[in-house]
Amino acid sequence: MMRTHSCGDLRKEHVGREVALCGWCHVRRDHGGLIFLDLRDRSGRVQVVFNPQEEKEAFSVAQEIKSEYVLRVQGIVSARPEGTENPDLPTGEIEVHASRLEILNVAKTPPFQIGDTQGVDDVVRLKYRYLDLRSERMQRNLSVRHRLVTAAREYLNSQGFWEVETPILLKSTPEGARDFLVPARLYPGKFYALPQSPQLMKQTLMISGVERYYQIARCLRDEDPRADRQVEHTQIDIEMSFITEEDIYAVVEGLFAHTFGACGIDISTPFPRLTYEEAMERFGTDKPDLRFGMELREVSSIVKGTEFRPIAQTLDYGGIVKGLCVPQSDDIGRKEIDRLTAFAARFGAGGLIHLVVEDGSLSGPLAKFFTPEQQESLKSAFKASSGDMLLLIAGDSATVNESLARLRVHLAERLELIPAGQWKFAWVTDFPLFSWNATGKCVEAMHHPFTSPREEDLPLLDTDPLKVKGRLYDVVLNGQEVASGSIRIHRREIQEKVFKMIQLSPEEAERRFGFLLEAFEYGAPPHGGIAPGVDRLVAAIVGEENIREVIAFPKTATGADPLTGAPSEVEGDQLAELGIALRPSETEDRK
RNA sequence: GGAGCCGUCGUUCAGCGGUCUAGGACACUGGCCUGUCACGCCAGAGAUCGGGGGUUCGAAUCCCCUCGGCUCCGCCA
């Protein structure tokens, strides 16, 4: 037997026990006549003592040990001498007096100290990911992820869901994100696509009579990564038949309660619900952070009539004036205002009006443009008290909301208004089905084109499509979208109608989604689903800013993998076999 | 596609026109040390400053290009 115990599990009750342990040398402290060595495995660390008077042989082997050597230790668990206990270590009350030490493998000096990657370049960490992952932090992240996914399976299984795998090689349907393409060797000139999500397959499974499906699914999108976004990410993909929104809400709330519970976090259900409209109104975003206040207020009607040109003009062309109230803003000086203005400008805000609330009135360079009545109304609109600061932005509603929403979060972080250890979930519902696309010429699907319009809005499809609400719902957690889903269309004529709305010709629709349209004609049940994002959920639970920290082998911000060297060039005959020739410029660029 | 910031011993940080023969910390090597736990003490080795070009009498330091990284905008149905 290689080992009898795990390092981190040893406690006082093991004292006197003969144990065998395996692990890595975390650190060695050589006192000349006495050597301490912290042995580390997945469970934690334990101190091993080598005393030449007890075991000469083991002691002399211990003299050779360096960081990250792989070791097997036999010895007796002993209570530490009075006064030498280490309260910072779970195993700090005991130590192992080694009788035998085997070197299972030697190790080169690691490029960084295990567990101390603070400030180490990400490329170095990713290149030596296997060392990075040995750290307590990363092992905890992996284990929390495992617990969450396991709990998700437990819960969904208990609710009658079947886990079904769907293909990794699919047909390309360039609808939203850019597809990753895979050349099909047997069909020169043709390509598979990697799934952006199992959307079409899970709907097909509903038509197949599966009724309750889930999958821990990898989703791949060939778009630029971000801190909360990688080219590949993992979803708990869920779809159900014969249900309404309420069934989804119940399953998801149960799922989150169970999975967070498995990670040691109690959350309260049901989640509060906000409509999209209300979220935009109060927070300027469809993923509000509900852990703090500073809600937005529209004050267009209050400031109407002011002489201040930017506001007057904005209101004339149909824009709005909206703002928020920063509590106890004493430490926001002139410089800070400039910085906040620049921050808001990044999201299109033309300017930032600041007004300091004093006992009787408002002060600030622009206060004079508001009548005493207006000042009073502003104060009461924000329920502002002396010492607060009002920040107002004028412009079109999209810009105003975006910049104020960002400003709200930015300020809350700066002023440390966000309480730690809170899990503020909410449903955001009643999204519009369509929004203007980038060109502004036609509408596009807000979520995806398979989302069902509300029954009562069907007549609006022809008259006022932007007013049509979709049967859409998101889960937001602490200001992040952590799940998104919808009730789907299950009737061919409505699906065709929606395709038409987004300027997808019948021929194009047939080519891309013909199989689904046809399947709808063979008795498609009403169905819908949702897909919580594993990476973001785990990151939130363990308090990581970047989802890279909760993925075993992530990519850099440019989609590269420093460990394996992907992406890489391929052999000429591999390309020849696929019938692919690179354009000269492409190959030149890479030399 | 665009913007900002960054790139100096293994790691990290300082140096920002000459004093740099590039400095500190950790790691590393050698020595000493029987109660440490980021052990301590002494000594030592280790970088031509991401790469290329330019300005200058002189460049780690200024300029241009390039590569790589991080963050953000675009993008992400």
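All values reported here derive from a predicted model rather than from experimental measurement. In what follows, chains are A, B, ... by sequence order, proteins preceding strands, each numbered from 1.
Among the heavy atoms of the strands lying under 4.0 Å from A:N86 is at least one base atom, whether or not backbone atoms are also near. Using a 4.0 Å heavy-atom distance criterion, A:R346 is classed as a sugar-phosphate-only contact. Within 4.0 Å of A:P81, counting heavy atoms only, lies at least one base atom of the nucleic acid. Nucleic acid contact for A:E95: base, since at least one base atom lies under 4.0 Å from a heavy atom of the residue. Residue contacts for A:R125: at a heavy-atom cut-off of 4.0 Å it reaches no nucleic acid atom on any strand shown.
Straight-line distance between the P atoms of B:rC16 and B:rG4: roughly 24 Å, to the nearest whole Å. With both ends at atom C1', the span from B:rG31 to B:rU21 equals 28 Å, rounded to whole Å. Look at the P atom in both B:rC5 and B:rC62: the space between them is 13 Å, to the nearest Å. For the C1' atoms, the distance linking B:rU61 with B:rC20 amounts to 11 Å, nearest Å. Atom name P, nucleotides B:rU8 and B:rG52: the rounded distance is 15 Å, in whole Å.
Between the side chain of A:E544 and the backbone N or O of A:V542, no donor-acceptor pair lies under 3.5 Å.
Put simply, A:F36 rests on the base of B:rU36: the two rings are less than 5.5 Å apart at their centres and nearly parallel, under 30°. The aromatic ring of A:H31 sits over the base of B:rC39, with ring centres less than 5.5 Å apart and planes tilted by under 30°.
Judged by closest nucleotide on RNA chain B, A:G33 is the one of A:D30 and A:G33 placed further toward the 5' end. Judged by closest nucleotide on RNA chain B, A:N51 is the one of A:R221 and A:N51 placed further toward the 5' end.
Between the base of B:rC37 and the side chain of A:R80 there is a donor-acceptor pair shorter than 3.5 Å.
In this structure, of B:rG74, B:rG35, B:rU12, it is B:rG35 that holds the atom nearest to the side chain of A:T84.
Both distances falling under 3.5 Å, in either a Watson-Crick or a G-U wobble arrangement, place B:rC5 opposite B:rG69.
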